[in-house]
Amino acid sequence: MTIPVPREFSFSECLTFLLRSPREILHRVEGGVVRKAIGVEREPILVEIQERNNALDVHHYPGGITESQRKFIGQYIAQWFDLETDLKSFYALARKDALLGGLVKQYHGYRIVGQPDLHESLTWAILGQQINLGFAYTLKQRFVEQYGHSLEHGGQRYFLFPEPSTIARLAPEQLLPLQFSRQKARYVVEVARAFHEGRLSTESIRQLPFEDAKTELRKIKGIGNWTANYALMKTFRFPQAFPAEDAGLHNAIRNLKGMRAKPTIEQVRTLFKKYKGWEAYATLYFWRSLG
DNA sequence: CGCCAGGTTAGAG
DNA sequence: CTCTAACATGGC
């Protein structure tokens, strides 16, 4: 199938992001092609994505799929690469901005490569809380290999993110051998249980306005402002979502402004007033500046 | 060894 | 409401 891409879109910039960790377990990038297993009605289907003639060219295995599976895959990929967002007005704003001007020129077309599944995005955010990114990827790799379904293609194994029902059954202690802290283990199981017991779903949060969605997410233990905003940005594409507490964002702002110390959260909020309505994309390009 | 890392919670003031 | 300690462990 072929998926058209918007004007301000750079597949190679998105690939750079997808390549950032050698320990990434949920997709592979080789020679301009991304391969990933997508769970369609709980069955893993392998998709191969590459850019061709200003569109995404998608192949899938097995080849024979139903129309609804096809539709699901198309929507998943469009959400994954955030193809629906029109960046024109963000770029108009950012081009005139001292901090973002160079970044949006240098990384033009870079989009928020997200996680269309809320369970995945919340769990990944919890894994990344308070630890360095490399170790977070190690934890994710162990977690997915241990509990995720998979399929094999071309001599490679492709994993799906674990199902909430699988994780909901665990006692948090069972995650300690993977080197989860007790707190992370508790949070991860708690989030899975919220999905499994129907207290939380991608669809129910998607229908809510931004502030209500944030409030709902924060009711769950382990989800604070940082994690809620991360998910609202990566899963639901709220353009105003951004984690003001984020250490990486603080470092980026310090570097770009030549500050001696990292900005306080209040300074970050003040700075971000000028990006109102585009906080998520401003954050993305600040993160990108970290290299 | 010390400090920091894509924080959150519970509890104190 | 704001502030702080505890949590826990790898990477540099």
Handout entry: N or O in side chain of A:N251 less than 4.0 angstrom from B:dA5 OP1/OP2
Key = yes
Practice task
Please find the earliest and latest nucleotides of DNA chain C, in the 5' to 3' direction, that have an atom within less than 4.0 Å of any heavy atom of chain A.
Solution key: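 Contact span on the strand: C:dC7 to C:dG11.
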Problem - Any side-chain heavy-atom pair of A:R142 and A:Q179 under 4.5 Å - result: yes
Rounded to the nearest Å, what distance is computed from the [atom1] atom of residue [X] to the [atom2] atom of nucleotide [N]?
| X | N | atom1 | atom2 | result |
| --- | --- | --- | --- | --- |
| A:N225 | B:dT9 | CG | C1' | 14 Å |
| A:W124 | B:dG7 | CH2 | P | 12 Å |
| A:K262 | B:dA5 | NZ | C1' | 8 Å |
| A:F180 | B:dT8 | CZ | P | 17 Å |
| A:W226 | B:dG7 | CH2 | C1' | 7 Å |
| A:L133 | B:dC4 | CG | P | 18 Å |
| A:Y187 | B:dA10 | OH | P | 7 Å |
| A:D246 | B:dA5 | CG | C1' | 10 Å |

Problem - Aromatic contact, A:F161 with A:H119 (centres under 6.0 Å) - result: yes
Exercise for the section: Compute both the distance and the angle, then confirm whether A:K234 meets the cation-pi test with A:W124: under 6.0 Å from the six-membered ring centre, within 45 degrees of the axis. Expected result: no
Practice task
Using the six-membered ring of A:F9, assess whether NZ or CZ of A:R111 lies under 6.0 Å from its centre and within 45 degrees of the ring axis.
Solution key: no
Exercise for the section: Using the salt bridge (charged side-chain N to carboxylate O under 4.0 Å, His left out) rule, collect all pairs that involve residues 198-208 of chain A, keeping only residues at least two apart or in two chains. Expected result: A:E190-A:R199, A:E197-A:R199
Practice task
Search all heavy atoms of A:Q240 against all heavy atoms of A:E279 and return the closest pair with its distance.
Solution key: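 Reported closest heavy-atom pair: CA-OE1, 3.2 Å.
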Problem - Strand-adjacent residues in residues 212-224 of chain A, judged by heavy atoms under 4.0 Å from DNA chain B - result: A:I220, A:K221, A:G222, A:I223, A:G224
Handout entry: side chain to side chain donor-acceptor pair (under 3.5 Å) between A:D82 and A:Y281, intermediate numbers included
Key = CA-CA 11 Å; A:D82 197 19; A:Y281 265 91; 2.6 Å; yes
Practice task
Describe the nucleic acid contact of A:T138 in one word from base, sugar-phosphate, nothing, applying a heavy-atom distance below 4.0 Å.
Solution key: nothing
Exercise for the section: Please work out if A:Q130 contacts a base, only the sugar-phosphate, or nothing of the nucleic acid, heavy-atom cut-off 4.0 Å. Expected result: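 Result for A:Q130 = base.
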Handout entry: Nearest-Å distance once atom C1' is located in both C:dG10 and B:dT9
Key = 22 Å
Handout entry: Inter-nucleotide P distance (C:dG11, B:dT8), Å rounded
Key = 23 Å
Problem - A:E48 side, atom CD; A:R28 side, atom CZ - distance, nearest 0.5 Å - result: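 Output value for this atom pair is 12.5 Å.
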Handout entry: For A:S150, the option from A:Q156, A:R157, A:E145 that meets side-chain hydrogen bond (donor to acceptor under 3.5 Å, both in side chains)
Key = A:R157
